Amino acid sequence: MTSATTLSSALPVEHRDRLMRLAREVSFEAGTRVFEEGRRADRFWIIRTGTVLLDLHVPGRRAAVIESLGHGELLGWSWHYAPYVWQLGAEALSPVRAWEFDAGTVRVLCAQDAEFGRSIATWVGRVVAHRLQASRMRLLDLYAPYGSGSPA
């Protein structure tokens, strides 16, 4: 993922510090399903160590792995947009240590402080745009006729 979407470069220092005051340390063993597509999105994480795979349910087939995430990357963006339902699934590929955030608390802070809210929205929007492009390219790689997946 580009540096513009990792926490260390996506938010101004004061907003990053404010967000990090809400963090709770968590860990996931390899093979743990962190969240499931279609379920309630009430939290999100920033990965400290390890790798998480994002996947997409494909009817009649095994879930398609869309992207792998690592250090400093946002895991989960569906918490930011109503109806707050995961659009992808996620599984720990290796042991993962992460900072976990309560989505409702962060949304309240965003509503109370427009500048903070704008920073969070811009960051999450960049992540969504990146993941949408990654999903598109991966699905074209997997299922499109040869030669149809070249970016325009």
Side-chain angles (χ1 to χ4, degrees), residues 1-59 61-139 141-142:
M1 187 169 282
T2 64
S3 64
T5 59
T6 58
L7 177 66
S8 61
S9 60
L11 297 177
V13 172
E14 64 274 12
H15 295 158
R16 186 171 60 238
D17 290 346
R18 186 170 184 194
L19 180 64
M20 291 308 296
R21 285 194 291 272
L22 303 172
R24 174 175 93 85
E25 290 187 37
V26 297
S27 60
F28 303 104
E29 296 297 321
T32 300
R33 289 297 291 176
V34 180
F35 53 83
E36 292 289 346
E37 184 178 345
R39 297 225 175 123
R40 186 170 160 252
D42 61 355
R43 66 198 68 231
F44 64 96
W45 302 264
I46 297 168
I47 299 171
R48 296 175 60 206
T49 63
T51 303
V52 175
L53 299 178
L54 296 177
D55 56 38
L56 177 66
H57 174 73
V58 179
R61 297 181 183 252
R62 184 174 33 182
V65 173
I66 299 300
E67 189 169 15
S68 64
L69 305 178
H71 175 73
E73 292 184 294
L74 175 65
L75 173 57
W77 56 262
S78 300
W79 64 272
H80 196 267
Y81 303 103
Y84 313 118
V85 173
W86 296 120
Q87 300 301 307
L88 300 169
E91 184 171 317
L93 178 64
S94 65
V96 171
R97 291 178 37 216
W99 288 296
E100 183 177 82
F101 300 85
D102 177 76
T105 301
V106 175
R107 287 193 303 265
V108 166
L109 288 178
C110 289
Q112 292 173 343
D113 180 342
E115 190 175 326
F116 178 76
R118 196 168 24 262
S119 289
I120 296 292
T122 299
W123 173 41
V124 173
R126 284 183 186 139
V127 170
V128 171
H130 176 85
R131 303 244 168 97
L132 179 61
Q133 182 64 13
S135 297
R136 178 183 173 275
M137 296 306 293
R138 181 67 177 137
L139 291 174
D141 285 347
L142 290 173

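Worth saying up front: this structure is predicted, and the values here are computed from it rather than measured. Along the sequence shown, residues are numbered consecutively beginning with 1. Every heavy atom of this structure was used, including side-chain atoms; hydrogens, water molecules and symmetry mates were not.
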ask   = Is there side-chain contact between Glu25 and Arg48, with at least one heavy-atom pair below 4.5 Å?
value = yes
query = Backbone N or O of Ala30 within a donor-acceptor pair of the Ser94 side chain at under 3.5 Å?
reply = no
request  = Quick one: pull up CG in Leu69 and CD1 in Ile46 and give me the separation to the nearest 0.5 Å.
outcome  = 12.0 Å
inquiry  = Are the side chains of Ile66 and Arg131 in contact, using a 4.5 Å heavy-atom criterion?
reply    = no
request  = Measure from the side-chain N and O atoms of Trp77 to the backbone N and O of Leu74, and report whether any donor-acceptor pair falls under 3.5 Å.
outcome  = no
request  = Look up atom CH2 in Trp45 and atom CZ in Phe35, then write down how far apart they are to the nearest 0.5 Å.
outcome  = 6.0 Å
key: Spacing of CG belonging to Leu53 relative to CG belonging to Leu88, to within rounding of 0.5 Å   = 12.0 Å
query = With a 4.5 Å limit on heavy-atom distance, are the side chains of Leu22 and Leu109 in contact?
reply = yes
task = Please name the pair of heavy atoms, one in Val106 and one in Phe101, separated by the smallest distance, quoted to 0.1 Å.
result = CG2-CB, 4.3 Å
inquiry  = To check you understand the geometry: which heavy-atom pair defines the closest contact between Ala90 and Val52, and what is its length?
reply    = CB-CG1, 3.8 Å
query = Quick one: CH2 on Trp86 to CD on Glu36, what's the gap to the nearest 0.5 Å?
reply = 11.5 Å
remark   = Heavy-atom closest pair (His15 atom, Phe116 atom, distance to 0.1 Å) is O-CE1, 3.5 Å
remark   = salt bridge (Lys or Arg N to Asp or Glu O under 4.0 Å) with Asp113: of Arg18, Arg118, Arg107, only one passes, and it is Arg18
message = Using side chain to side chain contact (heavy atoms under 4.5 Å, CB included), reason through Val85 and Arg40 one step at a time and then give a plain yes or no.
response = CA-CA 5 Å; Val85 173; Arg40 186 170 160 252; 5.9 Å; no
query = Is it true that a side-chain atom of Glu73 and a backbone atom of Gly70 form a donor plus acceptor pair closer than 3.5 Å?
reply = yes
ask   = Is the Lys NZ or Arg CZ of Arg43 less than 6.0 Å from the centre of Trp79's six-membered ring, within 45° of the axis?
value = no
ask   = Are the side chain of Arg16 and the backbone of Leu11 linked by a donor-acceptor contact shorter than 3.5 Å?
value = yes
query = Is the closest side-chain heavy-atom distance between His71 and Ile47 below 4.5 Å?
reply = no
query = Any idea which heavy atoms bring Tyr81 and Val128 closest together, and the distance?
reply = CE1-CG2, 3.9 Å
ask   = Looking at Gln87 and Ser78, what are the two nearest heavy atoms and their distance?
value = N-OG, 3.1 Å
task = Output yes when a side-chain donor or acceptor of Thr122 lies under 3.5 Å from a complementary backbone atom of Ser119, and no otherwise.
result = no
ask   = Hey, which of Leu75, Val65, Val34 is the one that makes side-chain contact (heavy atoms from CB on, under 4.5 Å) with Leu54?
value = Leu75
Asp55 to Arg33 - nearest heavy-atom pair and separation = OD2-NH1, 2.6 Å
message = With a sphere of 6.0 Å drawn around CD of Glu14, does it hold more than 12 non-hydrogen atoms of other residues, nucleotides or ligands?
response = yes
task = Please round to the nearest 0.5 Å and tell me the distance separating atom NE2 of His57 and atom CD of Glu37.
result = 7.0 Å
